[in-house]
S.K.: 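What follows is a single structure, and I will ask about it in a moment.
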Amino acid sequence: MPFLPLLKKAAFTALWFAFLTLPMVVIKVNPSAQSIIWRWQNVLYAAAVGFLGSLLRDAARAIKRKKRQAAVPQERQQFFARLNFRLPVFAMFLLVLCLFPRFVSSYQVSIMITALLYVMLGLGLNIVVGMAGLLDLGYVAFYAVGAYSYALLNLHYGIGFWLALPIGGLLAAGFGILLGFPVLRLRGDYLAIVTLGFGEIIRLVLENWTEFSQGPSGISGIPRPGLFGIKLSLEQSVIYLYYVMLVMVVLTVFATSRLQHSRIGRAWAALREDETACRAMGIDKTKIKLAAFASGAFWAGMAGVLFAAKTTFVNPASFTFMESAIILCIVVLGGMGSIPGVIIAALTLILLPEYLRALADYRMLVFGAALVLMMVFRPGGLFPAARMRRQKG
């Protein structure tokens with residue numbers, strides 16, 4: 001493609017991106033002074049991001065076309081095509097997220113932290129439901145285990161965030177293995193009912209065992225992550241937690257991607273497609289099921305620790321079945337087994353209702369209609385996994 005049309009297209013993309021992001025990057029409300037700060041210089045940053053993103057996207061497409069035409073083995077060609085297409089897009093997306101706190105208020109940063117939290121939860125459940133094909137309706141239980149692990153360890157032993165983060169993940173993984181053993185012989189609807197019961201058992205224990213969890217009153221005063229003992233203001237701590245959350249999401253994406261393309265990931269795919277054939281091929285069904293439950297629960301537990309650090313308060317009302325349903329919707333809407341699909345679906349499902357608050361009377365109607373249309377016209381999700389696309393084709 002000639003260079004001049006590429007520049008024209010990139011310039012148009014930059015203008016359109018600057019226009020779409022205008023309310024978020026330009027307007028900043030100061031509630032205490034009851035005034036609005038106009039940051040017009042941020043339009044230039046947004047336009048630059050759009051311009052560079054368009055050039056990177058077109059460059060990735062050009063490289064992908066050349067790789068297809070090159071006389072290289074088919075598997076190597078597919079690898080380089082995926083690499084050259086995904087890396088610029090992921091790098092551009094990561095750059096936008098890194099610059100996000102610079103252009104928006106702390107309230108919007110807090111909303112984005114919640115969205116990233118659900119990205120992490122969606123990727124964790126994607127291991128269980130999308131990769132291994134095990135329908136888990138009680139996933140919120142592992143989320144609660146992580147949150148209460150940090151709250152209780154800090155309350156009784158003064159353990160800080162960074163030590164509680166891996167402990168919460170490991171405790172949740174342990175509960176995942178405990179859940180996995182009784183349901184080894186179950187599948188489909190029966191598995192879903194048992195996992196749903198497990199999630200409700202955890203919630204009811206936290207709600208009624210007041211000596212242990214302080215019951216419905218919850219636990220307050222949970223400290224936020226520390227930064228080498230530096231005292232941070234509320235706004236600084238929110239921004240710091242945002243970057244901690246961003247690093248954890250990148251780590252989750254990397255880990256789940258490596259798991260998906262590893263030997264155990266292929267075993268999960270075999271289990272999902274046909275459990276009988278999976279056993280006939282000599283795959284240990286017990287080990288891979290327990291590994292799926294433990295891996296998914298580990299990321300939910302770490303997300304629970306981050307949730308407790310964000311809100312500084314936890315109680316059983318935060319871990320109802322509705323949370324499990326939302327996380328499952330993220331996996332199904334994005335495409336079961338698809339990592340990019342889960343990320344896009346999580347950001348869409350969490351951010352869209354927030355930015356439709358101006359249409360408060362109709363936003364849930366629009367939201368529900370969009371979900372129904374997606375299930376009718378894109379039953380495989382926004383971005384189905386490659387295996388699903390090949391089967392459909």
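Just so you know, residue 1 is the first one in the sequence shown, and it goes up from there. As the structure is a computational prediction, the values presented were derived from the model and not from experiment.
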S.K.: What's the shortest heavy-atom distance between Gly301 and Ala172, and which atoms?
M.R.: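 The pair with the smallest heavy-atom distance is CA-CB, 3.5 Å.
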S.K.: On a heavy-atom basis, which atom in Gly138 and which in Ser324 lie closest, and how many Å separate them?
M.R.: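 Closest heavy-atom pair between Gly138 and Ser324: C-OG, 3.9 Å.
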S.K.: Just jot down the ring pair (Phe, Tyr, Trp, His ring centres under 6.0 Å) partners of Phe103, sequence neighbours excluded, or say none.
M.R.: Tyr45
S.K.: Does the side chain of Phe100 reach to within under 4.5 Å of the side chain of Tyr242, using non-hydrogen atoms?
M.R.: yes
S.K.: Return the minimal non-hydrogen interatomic distance between Val305 and Gly168, and the atom names on each side.
M.R.: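 Of all heavy-atom pairs spanning Val305 and Gly168, the closest is CG2-CA, 4.0 Å.
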S.K.: Taking only residues two or more places apart in sequence, or in another chain, which ones meet Asn315 in a side-chain hydrogen bond (donor to acceptor under 3.5 Å, both in side chains)?
M.R.: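 For Asn315 the side-chain hydrogen bond (donor to acceptor under 3.5 Å, both in side chains) partners, ignoring immediate neighbours, are Ser318.
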S.K.: For residues 316-352, which residue pairs qualify under ring pair (Phe, Tyr, Trp, His ring centres under 6.0 Å), counting only residues two or more places apart or in two chains?
M.R.: Tyr143-Phe319, Phe307-Phe319
S.K.: My understanding is that only residues two or more places apart in sequence, or in another chain, count here; which of them pass side-chain contact (heavy atoms from CB on, under 4.5 Å) with Leu15?
M.R.: none
S.K.: Could you go through the side chain to side chain contact (heavy atoms under 4.5 Å, CB included) check for Trp268 and Ile264 one step at a time?
M.R.: CA-CA 6 Å; Trp268 285 336; Ile264 193 170; 3.8 Å; yes
S.K.: Stepwise, does the side chain to side chain contact (heavy atoms under 4.5 Å, CB included) test hold for Phe181 with Leu184?
M.R.: CA-CA 6 Å; Phe181 272 112; Leu184 286 175; 4.1 Å; yes
S.K.: Give a yes or no on whether the backbone of Pro223 and the side-chain of Tyr150 come within a donor-acceptor separation of less than 3.5 Å.
M.R.: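 Yes, Tyr150 side chain to Pro223 backbone: donor-acceptor pair under 3.5 Å.
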S.K.: How many angstroms lie between atom OG of Ser149 and atom CD1 of Ile167, to the nearest 0.5 angstrom?
M.R.: 8.5 Å
S.K.: For the residue pair Val249 and Leu116, establish whether any side-chain heavy-atom pair is separated by less than 4.5 Å.
M.R.: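 In short, these two side chains touch, coming nearer than 4.5 Å.
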S.K.: Is Phe12 isolated, or which residues cluster with it under the ILVMFWY side-chain rule of less than 4.5 Å, directly or via members?
M.R.: none
S.K.: Under 3.5 Å, is there a donor-acceptor pair between the side chain of Gln236 and the main chain of Ser233?
M.R.: yes
S.K.: Does atom CH2 of Trp162 have more than 12 heavy-atom neighbours, drawn from other residues, nucleotides or ligands, at distances under 6.0 Å?
M.R.: yes
S.K.: Would you call Leu306 and Phe161 a side-chain contact if the rule is heavy atoms closer than 4.5 Å?
M.R.: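 They are in side-chain contact.
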S.K.: Can you tell me how far CD1 of Ile344 sits from CG of Leu333, rounded to the nearest 0.5 angstrom?
M.R.: 11.0 Å
S.K.: Nearest 0.5 Å, what's the OG-CG distance between Ser237 and Leu227?
M.R.: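 Here the rounded value is 11.0 Å.
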S.K.: Lys287: what forms a salt bridge (Lys or Arg N to Asp or Glu O under 4.0 Å) with it, not counting sequence neighbours?
M.R.: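 Salt bridge (Lys or Arg N to Asp or Glu O under 4.0 Å) check on Lys287 returns nothing, list empty.
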S.K.: Does Thr312 reach the main-chain N or O of Gly221 with its side chain, forming a donor-acceptor pair under 3.5 Å?
M.R.: no
S.K.: With a 4.5 Å cut-off on side-chain heavy-atom distances among I, L, V, M, F, W and Y, is there a chain of contacts connecting Leu196 to Leu204?
M.R.: no
S.K.: Measuring from atom CD1 of Ile222 to atom OG1 of Thr311, what distance do you get when rounded to the nearest 0.5 angstrom?
M.R.: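 Between Ile222 CD1 and Thr311 OG1, I get 6.0 Å after rounding to 0.5 Å.
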S.K.: Using the side-chain contact (heavy atoms from CB on, under 4.5 Å) criterion, which residues pair with Leu135? Sequence neighbours excluded.
M.R.: Leu137, Ala192, Leu328
S.K.: As a quick check of understanding, evaluate side chain to side chain contact (heavy atoms under 4.5 Å, CB included) for Met131 and Arg266, giving each step before the final call.
M.R.: CA-CA 9 Å; Met131 298 182 193; Arg266 291 191 291 272; over 6 Å; no
S.K.: Which residue is it: Leu251, Leu125, Asn126? I am looking for the one with a side-chain contact (heavy atoms from CB on, under 4.5 Å) to Trp299.
M.R.: Leu251
S.K.: To the nearest 0.5 Å, how far apart are CD1 in Ile283 and CG in Leu271?
M.R.: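 Between Ile283 CD1 and Leu271 CG, I get 8.0 Å after rounding to 0.5 Å.
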S.K.: Is there a side-chain contact between Leu152 and Phe212 (heavy atoms, below 4.5 Å)?
M.R.: yes
S.K.: Shortest non-hydrogen contact from Pro216 to Pro316?
M.R.: CA-CD, 4.2 Å
S.K.: So do Asp284 and Ile288 actually touch side chain to side chain, heavy atoms under 4.5 Å?
M.R.: no
S.K.: Once side-chain contact (heavy atoms from CB on, under 4.5 Å) is applied, do any residues pair with Thr114, and if so which ones, sequence neighbours excluded?
M.R.: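 Residues passing side-chain contact (heavy atoms from CB on, under 4.5 Å) with Thr114: Tyr118, Lys310, Ile350.
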S.K.: If only atom types and distance count, is the side chain of Tyr190 paired as donor or acceptor with the main-chain N or O of Arg185 below 3.5 Å?
M.R.: no
S.K.: Could you tell me whether the side chain of Tyr243 reaches within less than 4.5 Å of the side chain of Pro101, counting heavy atoms only?
M.R.: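 Touching, per the 4.5 Å side-chain cut-off.
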S.K.: Considering only heavy atoms from C-beta outward, does the side chain of Thr256 approach that of Ile339 to under 4.5 Å?
M.R.: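 In contact.
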S.K.: Can you pull out every salt bridge (charged side-chain N to carboxylate O under 4.0 Å, His left out) where at least one residue sits in residues 209-228? Sequence neighbours excluded, please.
M.R.: none
S.K.: With sequence neighbours left out, what residues match Glu207 under salt bridge (Lys or Arg N to Asp or Glu O under 4.0 Å)?
M.R.: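 If we apply the salt bridge (Lys or Arg N to Asp or Glu O under 4.0 Å) test to Glu207, skipping adjacent residues, the hits are Arg203.
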S.K.: Do Leu290 and Val194 share a hydrophobic cluster (ILVMFWY, side-chain heavy atoms under 4.5 Å, transitive)?
M.R.: no
S.K.: Could you tell me whether a side-chain N or O of Asn154 sits under 3.5 Å from a main-chain N or O of Ile159, the two making a donor and an acceptor?
M.R.: yes
S.K.: Please check if the side chain of Glu235 supplies one atom and the backbone of Ser106 the other of a donor-acceptor pair under 3.5 Å.
M.R.: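 Checking the backbone N and O of Ser106 against the side chain of Glu235, no donor-acceptor pair under 3.5 Å is found.
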S.K.: So do the side chains of Ile219 and Tyr148 get within less than 4.5 Å of each other, counting heavy atoms only?
M.R.: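 Yes, close enough: below the 4.5 Å cut-off.
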S.K.: Is there a path of hydrophobic side-chain contacts, each under 4.5 Å between heavy atoms, that joins Phe142 and Ile177?
M.R.: no
S.K.: Going by side-chain hydrogen bond (donor to acceptor under 3.5 Å, both in side chains), name the residues that satisfy it together with Ser217, two or more places apart in sequence or in a different chain.
M.R.: none
S.K.: Can you give me the closest heavy-atom contact between Leu121 and Tyr139, atom names plus distance?
M.R.: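 Of all heavy-atom pairs spanning Leu121 and Tyr139, the closest is O-CE2, 3.5 Å.
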S.K.: Any chance you could pull the hydrophobic cluster mates of Phe313, using side-chain heavy atoms under 4.5 angstrom and chaining through other members?
M.R.: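 Cluster partners of Phe313: none, it stands alone.
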S.K.: Is there a donor-acceptor pair under 3.5 Å between the side chain of Ser213 and the backbone N or O of Leu206?
M.R.: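 Between the backbone of Leu206 and the side chain of Ser213 there is a qualifying donor-acceptor contact (under 3.5 Å).
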S.K.: Rounded to the nearest 0.5 Å, how far does CG of Leu186 lie from CD1 of Ile193?
M.R.: 9.5 Å
S.K.: Determine, stepwise, if the pair Met112 / Leu347 fulfils side chain to side chain contact (heavy atoms under 4.5 Å, CB included).
M.R.: CA-CA 8 Å; Met112 184 57 76; Leu347 294 176; 4.2 Å; yes
S.K.: Is there a path of hydrophobic side-chain contacts, each under 4.5 Å between heavy atoms of I, L, V, M, F, W or Y residues, that connects Val128 with Val253?
M.R.: yes
S.K.: Do Met322 and Val145 belong to the same hydrophobic cluster, where Ile, Leu, Val, Met, Phe, Trp and Tyr are linked whenever their side-chain heavy atoms lie under 4.5 Å apart, directly or via other members?
M.R.: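 Yes, Met322 and Val145 fall within the same hydrophobic cluster.
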